[in-house]
Amino acid sequence: MNLDSAIHVFVCGNPALDFAATLRARRTVRFEMFARPDRLSAWYVESGVVDAVSPAQEADVEQAKTVREAIYQLVTARRLGEDYDGSALTVVNNAARRPPAVPQLTPAGRWTQATPEEALSMVARHAVELLSGPDVPLLKECGNPECTRTYIDRSRGMRRQWCGMESCGNKIKAAAYRARRKTAPAAAH
Ligand SMILES: [Zn+2]
């Protein structure tokens, strides 16, 4: 896993899935993208969930991580066809119940200014919509076993194997190529 890739990326097809993927490589190194409050604030804006957010505090990060882990549990349960965990449901529903930020019309277009709590509510509402909507059968985990991102596979025949070619596809293909070279019989003299 390339740990210098600490920039936020949005490849999953839904903000709730991208949010769940901010704990990277869950089965191995568990790399935390919300290492500082400003990284959380940056995510809210870069994801397009809001246009601006008031500065997040440590408590906001803790709250966001709790909701994120609950979203991940619910998404994984849906993907595997398992029952929801009751406490994860409560965490996501409680976050979604908080008021979201209200978009305002300005001469320059729409502008949504949020507090971290309002932004988190909006992410939780995305999770509610996603998990009760038509994209559930399209949920897929990235084919790179280290990655643990879940994305919506909208490709024809659901053939998409990776969250992204750059992040995972090329890496896995290169590793497979090296493995084949290693096990290939030595060239004849
Ligand atoms: Zn991946």
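Numbering of ligands and ligand atoms starts at 1, following listing order. Just the heavy atoms: all of them, side chains too, but no hydrogens, waters or symmetry mates, feed the values below.
Around the CD atom of Glu166, the shell of radius 6.0 Å holds no more than 12 heavy atoms that belong to other residues, nucleotides or ligands.
When the salt bridge (Lys or Arg N to Asp or Glu O under 4.0 Å) test is applied to Asp85, no partner is found at least two apart in sequence or on another chain. Legend: residues meeting salt bridge (Lys or Arg N to Asp or Glu O under 4.0 Å) with Asp51, ordered by chain and number and at least two apart, are absent.
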Glu69/Arg26 under salt bridge (Lys or Arg N to Asp or Glu O under 4.0 Å): CA gap, chis, key distance, verdict: CA-CA 11 Å; Glu69 294 314 297; Arg26 288 170 172 275; 2.7 Å; yes
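Tally of protein N, O or S atoms closer to the Zn ion (ligand 1) than 2.8 Å: 4.
Listed by first then second residue, pairs satisfying salt bridge (Lys or Arg N to Asp or Glu O under 4.0 Å) with a partner in residues 128-139 read Asp135-Arg154, not counting sequence neighbours.
Contact detail for Ser155 and Arg159: the closest heavy-atom pair is OG-N, 2.9 Å.
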